[in-house]
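Keep in mind that the numbers below use all heavy atoms, side chains included, and drop hydrogens, waters and symmetry copies. Each ligand, and each atom within it, is numbered from 1 in the order the structure gives.
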Amino acid sequence: MPTETKIGFIGAGQMAEALARGFINQNMVEAEHVFCTDPVEARKEVFRSFGTVPVDGNIAVAEAAEVIFIAVKPQYVPVVLREISPKLTEKHLIVSIAAGVTLAVLTEAAGPKAKIIRVMPNTPCLVGETAAAMCLGHGAGSADADLLQRLFESVGRIFRVDEKLLSAVTGLSGSGPAYIFLVIEALSDGGVRAGLPRDVAQALAAQTVLGSAKLVLETGKHPGALKDMVTSPAGTTIAGVHELEKAGIRAAFMNAVTAASARADELAE
Ligand SMILES: NC(=O)C1=CN([C@@H]2O[C@H](COP(=O)(O)OP(=O)(O)OC[C@H]3O[C@@H](n4cnc5c(N)ncnc54)[C@H](O)[C@@H]3O)[C@@H](O)[C@H]2O)C=CC1
Ligand SMILES: O=C(O)[C@@H]1CCC=N1
């Protein structure tokens, strides 16, 4: 059932669009109860194209919505919150999706009245498969957490974490779709290298990632055990796995998550 809560997005960019479309597609909110603003008119047009209500200026979003997603780049978050803070009341829930911007910074900029929650989502919310985590800040209680839980469970999975782990979430699942898009692109290139048409290679690569992820999530088996189910003795798979191990693929992915998490911590400084 759509929530009657009015939702606003300050910043109508890629992540805001993925969230707004996801919530609407999953019937969690009526499009006419979704408000947004953005200095780039074309972004407002995109939001208008799927039935939401672009308004002029960030204060207008605070006046129209109770749940306000702060979806600007991290460096702009404090100035945006200071701009709208005179309009914020105890009924407002500020949901920051900005990498690295801490609850302390959010609370200082938003002022003493608004409730604050940080969420780190990712772009597969657009297709109902986000991996997200949240941590509660100033004034946010169980009702606020439950509302966000319902919203995000409609577009994937969300976990509660301590704020000190949110940079790890950012580096793993926030940035993670980009790592997997690289994997899909590289697997597709391997397929083309072996003679497959690009469209077939890309579809096979993406479906292999999707199916493998579903096997992990739905069987609960360890990825290593599932890998061992594929690697026939002296077969094709172990030859491929050996090449990946020689290339240090495990360390490469660990390093990617570590670097992205560290960057999130830098953004917090
Ligand atoms: N793109 C992603 O996959 C994810 C992004 N995030 C976070 O979401 C936030 C937005 O990221 P993206 O959507 O990728 O960026 P984006 O650049 O696509 O969107 C940001 C939007 O904010 C607008 N904007 C800039 N200054 C503004 C202001 N003063 N008031 C209102 N709007 C303003 C820009 O015109 C732009 O359209 C960032 O803080 C990022 O860390 C979090 C998780 C995933
Ligand atoms: O790259 C970024 O900074 C944002 C945060 C997580 C995904 N995209």
Residue and atom name of the nearest protein heavy atom (relative to [atom]), distance in Å to one decimal:
| atom | value |
| --- | --- |
| atom 39 (O) of ligand 1 | V72 O, 2.7 Å |
| atom 44 (C) of ligand 1 | M15 SD, 3.5 Å |
| atom 26 (N) of ligand 1 | Y76 CD1, 3.9 Å |
| atom 37 (O) of ligand 1 | D38 OD2, 2.6 Å |
| atom 5 (C) of ligand 2 | A99 CB, 3.9 Å |
| atom 19 (O) of ligand 1 | G13 CA, 3.2 Å |
| atom 18 (O) of ligand 1 | Q14 N, 3.0 Å |
| atom 10 (C) of ligand 1 | A71 O, 3.3 Å |
| atom 32 (N) of ligand 1 | P39 CD, 3.2 Å |

Does any non-hydrogen side-chain atom of [Y] lie less than 4.5 Å from one of [X]?
| X | Y | value |
| --- | --- | --- |
| I94 | I84 | yes |
| V29 | K6 | no |
| M229 | L226 | yes |
| T52 | E32 | no |
| R198 | S188 | yes |
| F9 | V95 | no |

Under 4.0 Å, heavy atoms only, figure out whether ligand 1 is touched by the backbone of [X], its side chain, both or neither.
| X | result |
| --- | --- |
| K73 | both |
| A98 | both |
| N58 | side chain |

Q) Relative to each other, are the rings of F23 and F69 parallel, tilted or perpendicular (30° and 60° limits)? A)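 Ring orientation of F23 relative to F69: tilted.
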
**Q.** Polar contact flag for V80 and ligand 1 (N/O pairs, less than 3.5 Å)
**A.**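 It does not: no N or O of V80 is found under 3.5 Å from an N or O of ligand 1.
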
Q | Nitrogen or oxygen of T37 less than 3.5 angstrom from that of ligand 1 | A |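 The answer is no, given that T37 and ligand 1 share no N or O pair closer than 3.5 Å.
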
Atoms of ligand 1 less than 4.0 Å from [X] heavy atoms?
| X | result |
| --- | --- |
| T123 | 3 (O) |
| I97 | 6 (N), 7 (C), 8 (O), 42 (C) |
| A99 | 39 (O), 41 (O) |
| V40 | 35 (O) |
| G11 | 22 (O), 31 (C), 32 (N) |
| M120 | 42 (C), 43 (C) |

Q) Short question: side chain of T231, backbone of D228 - any donor-acceptor pair under 3.5 Å? A)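 It does hold such a pair.
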
Q: Say whether, by atom type as modelled, one donor and one acceptor occur between the side chain of R118 and the main chain of M134 under 3.5 angstrom.
A: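 Pair absent, no side-chain N/O of R118 close to backbone of M134.
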
Q.
As an exercise, identify every atom of ligand 2 less than 4.0 angstrom from a heavy atom of G174.
A.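 What qualifies from ligand 2 is 6 (C), 7 (C).
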
(Q) Strictly less than 4.0 Å: does any protein heavy-atom distance to atom 7 (C) of ligand 2 fall in that range? (A)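 Yes, there is one.
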
Q. For atom 2 (C) of ligand 2, is the nearest protein heavy atom closer than 4.0 Å?
A.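 Under 4.0 Å from atom 2 (C) of ligand 2, zero protein heavy atoms found.
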
Q. Salt bridge between E90 and K115, side-chain N to carboxylate O under 4.0 Å?
A.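 Not counted as a salt bridge, because no side-chain N and carboxylate O are separated by less than 4.0 Å.
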
Q) Is a salt bridge present between R157 and E129, judged by a nitrogen-to-oxygen distance below 4.0 Å? A)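 Salt bridge absent between R157 and E129.
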
Q. Distance from L103 atom CG to L136 atom CG, nearest 0.5 Å?
A.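 One finds 8.5 Å between CG of L103 and CG of L136.
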
**Q.** Between S173 and N122, a side-chain donor and acceptor under 3.5 Å
**A.**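 Checked: S173/N122 side chains show no N/O donor-acceptor pair below 3.5 Å.
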
**Q.** Nearest-option assignment for atom 43 (C) of ligand 1, heavy atoms, candidates G174, P121, A42
**A.**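 Heavy atom nearest to atom 43 (C) of ligand 1 belongs to P121.
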
Q: Please indicate whether D199 has more than 12 foreign heavy atoms, meaning atoms of other residues, nucleotides or ligands, lying under 6.0 Å from its CG.
A: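 Above 12, so yes.
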
